[in-house]
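See structure below.
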Amino acid sequence: MTVKEIFDTMDYGPAPESAADALAWIVDQGAAFGHFIDGDWTTPRKDFQSKNPANGETLADLTQASQDEINTAVKAARKAQAKWEGLGGHGRAKYLYAIARLLQKHSRLFAVLETLDNGKPIRESRDIDIPLVQRHFYYHAGMAQLMDAELPNAQALGVCGQIIPWNFPLLMLAWKVAPALAMGNTVVLKPAEYTSLTAMAFADICQQAGLPAGVVNIVTGNGAVGEMITTHEDINKVAFTGSTDVGKRIREATAGSGKSLTLELGGKSPYIVFEDADIDSAIEGLVDAIWFNQGQVCCAGSRLLVQEGIAETFYRKLKARMDGLRIGNPLDKCIDVGAIVDPVQLQTITDMVADNTDGETYHAPIDMPVEGCFYPPTLITGLAPSSKLMQEEIFGPVLVSTTFRTPSEAVALANNTRYGLAATLWTENVNLALDIAPKLVAGVVWVNATNLFDAAAGFGGVRESGYGREGGWEGLAAYTKPKGSPKALKLVEAFAGGKGPTDPLDRTPKLYVGGKQARPDGGYSQNIYGKSGALLGQAPIANRKDVRNAVEAAHAAKGWSGTTGHLRAQILYYIAENLSARKDELATRVNLLTGGKTGAAEVEISIRRLFTYAAWADKYDGQAHGVPIRGVALAMKEPVGVIGALCTDDAPLLGLISAMAPAIAMGNRTVLVASEAFPLAATDFYQVLDTSDVPGGVVNILTGSHAELAGPLASHLDVDAVWSFSSTDVSAEIERASAGNLKRTWVNNGLARDWMGAEGEGRTFLQAATEVKNIWVPYGE
Ligand code: NDP
């Protein structure tokens, strides 16, 4: 071919990366892998194989873990944990740094192995996956180093069970292993059945780094192995990345076990293009949004929303760009789109697209490889928002699209999904960008860019995209717990009555819903007695319909979430002021209810607590992360939404205020279920709320049985989080019922909290009351 001919076609020649070293490494290991347990390899069995999806060739044999092998791995992790934590932050930082260095030294081996095993283009594994893996270990070496000074009250959770998918095999391993180790935990990790090889090579790195035996254990196998890990009794935390269906199953399976859980699940992320966008850049962005990693990306910009005025031009240019994409041998450096991970996944994508009869389907007419798992870049336009393909994750190189007219319509369409992982928006108007970004329901928003990741910026979702963040300071919360050993919770029982005198003045407390007193739907009340048996009053018994009404009222008060911290602070101060005016009356009430003498102290601490959260309302700020791009990632704190809380039984006034105040200070609306044994302090308190300018619906108060109200609250699809501090054992029920919409839960697992002391307030509460949204804003012309 002459130079002139090359200029005429502008065609790329092949630029294949050699697989020789990676294949030699596999052969060196015997082309068969056991598990990496307690610093050593188990004898391999040929239970299943890892294949190259680009050509179907077998790469290595792998071993399906048995229950005994999982037990041995967990035991090894448990044995190693205390000593690993005892090394201290600096001790652990040295190992994490050594791992980062070794990963850098062997970066090409990892990149090629990943491409062989997964089918992703070598350009991506070489330039994105593996550098991000190294960055994650460097960053968390730093976190380990800083832990003692910056997180003095935090300690490791213990043994972490970690289950990762096949789309970013080594990167997901890094996201899980690095923070866990940094905080002093040990791990048992299972890679996905399709893609175990880089995890095996990582085990090799752990040996080279001299990591103490048992700190990292890697077991291979299918979903059954994942299940053995998640249900293992001696695991303290489960971290899972994968499908929403399996995430829900794990939530149910771990309910009530006391295990902490983070879930990074699927998405159907919107990619919004406004008419003033730089169209060519937005199209280039789309290549990275939906054809990066063949669209097998949880946060892929798979749902294109284009403003009507530019739609025709945009689609025309997009199709032209699609026609120029190169698909084929992933080891070729000139390839844009590689192989789908496995024939099963290819079939799923093929079937989903073939079954769709809506809109117009465009398959890019490009030369397809004759063998291997490949699917052409595809665009489906003209879909209704309710079309199946607009709602369901395809997890392949298939972009679906519709148009919008106004910014508010774009937001409504973007948020019309059960997911909330990521969103992308393109506009040259900074005012529009910064107005829209906070309105998108997503854990990450990219402005004029897409699929940017960094260890310093937490990644994770809301709604059915799961909970918890990976990366940043917030990611560490998922691998630590407060220092100290809490005591077991004791059931607080109501006093029996009928023996003492009755207060002749009948005050009739009701429920407090939407800023008004409301009779309970069921029409039942219960007698509340003091210690001596005197009747103190009657408290309404709320049922599931009252829960529904309260949630509805909380939703109607959504304006509260848009108010400023300054305004919320003033209202919290005002509540404190009005409570102070009635402090003697409430202190007496608390004493009568509990039969104790702590009423005055409880009211005094309640007033202080209101002051604390009034103080925090305008100070619990976000951050601007220094991510390694020309730009910033703005970590904004947002309210969770509607929070249901079962309040502690033993401190009837303080417990209610301790749950309410952080929640509303951060802009949430609440449905509070008062102390079951001593509910009348809560019904007195709503009179304080009534005089304190709290908008109706921001605080709703129910009284009744915690066991009966926990289920309806936790299964309600319009509740975003449920907290339980109840002395009735409802943790398991709440966690199980929360799986329906994967709402966040914070339950006591039968452990007590000192409500009068420091444990009763502070950052733990603020963290639970907020979501962190990272808004990436690159800059420069
Ligand atoms: P899964 O959720 O099934 O797999 C993720 C991981 O969980 C794998 O290691 C898997 O093992 C393991 N696993 C499977 N079942 C269980 C279980 N019951 N308990 C514990 N662990 C389990 O995803 P798939 O690989 O099946 O992909 C299916 C769909 O999920 C995709 O089409 C895509 O839509 C979505 N997905 C989303 C991802 C994301 O990042 N959000 C990543 C991957 C998939 P093994 O694979 O070995 O069977």
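Residues take their numbers from the sequence shown, with the count starting at 1. Numbering of ligands and ligand atoms starts at 1, following listing order. Heavy atoms only: backbone and side chains are in, while hydrogens, waters and symmetry mates are out.
- For the pair Gly221 and ligand 1, a heavy-atom separation below 4.0 Å is found.
- Using a 4.0 Å cut-off to heavy atoms of Glu393, the atoms of ligand 1 that qualify are 33 (C), 34 (O), 35 (C).
- Looking at Ile250 next to ligand 1, no N or O pair under 3.5 Å apart turns up.
- Remark: Arg123 engages Asp336 in a salt bridge, criterion side-chain N to carboxylate O under 4.0 Å.
- One finds the CD1 atom of Ile37 at 12.0 Å from the NZ atom of Lys75 (value rounded to the nearest 0.5 Å).
- In this structure, Asp720 does not pair ionically with Arg744, as no charged nitrogen and carboxylate oxygen lie closer than 4.0 Å.
- Salt-bridge annotation for Glu227 and Arg249: absent, with no side-chain N of the basic residue lying under 4.0 Å from a carboxylate O of the acidic one.
- Nearest protein heavy-atom contact of atom 40 (O) of ligand 1 is Cys298 CB, 3.2 Å.
- Below 4.0 Å from some heavy atom of Val246 lie the following atoms of ligand 1, by number and element: 2 (O), 3 (O), 15 (N), 16 (C), 17 (C), 22 (C).
- Atoms of ligand 1 found under 4.0 Å from any heavy atom of Glu227, numbered from 1 in the order shown, are 18 (N), 19 (N), 20 (C).
- Residue contacts with ligand 1 for Tyr194 are absent, since no atom lies close enough (heavy atoms, distance under 4.0 Å).
- Ligand 1 places these atoms under 4.0 Å from at least one heavy atom of Gly223: 11 (O), 13 (N), 14 (C), 15 (N), 16 (C), 17 (C), 19 (N), 20 (C), 21 (N), 22 (C), 45 (P), 47 (O), 48 (O).
- Of all protein heavy atoms, the one lying nearest to atom 43 (C) of ligand 1 is Pro165 CB, 3.4 Å.
- Residue Asn222 has no nitrogen or oxygen atom sitting less than 3.5 Å from a nitrogen or oxygen atom of ligand 1, judged on distance alone.
- Ligand 1 lies less than 4.0 angstrom from a heavy atom belonging to Ile164.
- Of the heavy atoms in Ile229, none comes closer than 4.0 Å to ligand 1.
- In this structure, atom 36 (N) of ligand 1 has a protein heavy-atom contact shorter than 4.0 Å.
- Note on Arg126 versus Glu114: no salt bridge recorded, every NZ/NE/NH1/NH2 to OD/OE distance being 4.0 Å or above.
- One finds no salt bridge joining Lys743 and Glu464 here, because no Lys/Arg side-chain nitrogen approaches an Asp/Glu carboxylate oxygen to under 4.0 Å.
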Check against side chain to side chain donor-acceptor pair (under 3.5 Å), Asp342 and Trp166:
CA-CA 10 Å; Asp342 187 84; Trp166 40 258; over 6 Å; no
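- Going from atom CE of Met143 over to atom NE2 of His136 covers 9.5 Å, rounded to the nearest 0.5 Å.
- Proximity to Gly266 (heavy-atom distance under 4.0 Å) selects the following atoms of ligand 1: 41 (N).
- With ligand atoms numbered from 1 in the order given, ligand 1 contributes 6 (C), 7 (O), 9 (O), 12 (C), 21 (N) to contacts under 4.0 Å with heavy atoms of Ile163.
- Taking each of Phe395, Phe48, Tyr419 in turn, the one with a heavy atom nearest to atom 31 (C) of ligand 1 proves to be Phe395.
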Verify side chain to side chain donor-acceptor pair (under 3.5 Å) between Arg463 and Asn415, making sure each step is shown before the conclusion.
CA-CA 11 Å; Arg463 291 184 176 166; Asn415 292 341; 5.4 Å; no
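- Distances below 4.0 Å separate heavy atoms of Thr241 from the following atoms of ligand 1: 5 (C), 40 (O).
- By the definition of a contact as any protein heavy atom under 4.0 Å away, atom 26 (O) of ligand 1 is not in contact.
- Distances shorter than 4.0 angstrom occur between a heavy atom of Gln345 and an atom of ligand 1.
- Residue contact check for ligand 1: Phe168 places no non-hydrogen atom closer than 4.0 Å to it.
- Polar contact check, Trp166 against ligand 1: a nitrogen or oxygen pair lies under 3.5 Å apart.
- Ring geometry, Tyr375 versus His363: the interplanar angle exceeds 60°, so the pair is classed perpendicular (tilted spans 30 to 60°).
- When each atom of ligand 1 is checked for a heavy atom of Leu265 under 4.0 Å away, the hits are 41 (N).
- Salt bridge absent: Arg736 and Glu252 never bring a charged side-chain N and a carboxylate O closer than 4.0 Å.
- With a 6.0 Å radius and a threshold of 12 heavy atoms from other residues, nucleotides or ligands, Gln49 has its CD atom above the threshold.
- With respect to atom 30 (O) of ligand 1, the closest heavy atom belonging to the protein is Ser243 CB, 3.0 Å.
- Of the candidates Phe168, Trp776, Phe453, Trp446, Phe459 forms a ring pair (Phe, Tyr, Trp, His ring centres under 6.0 Å) with just one, namely Phe453.
- Because its NZ or CZ atom is both nearer than 6.0 Å to the ring centre of Tyr479 and within 45° of the ring axis, Lys237 counts as a cation-pi partner of that residue.
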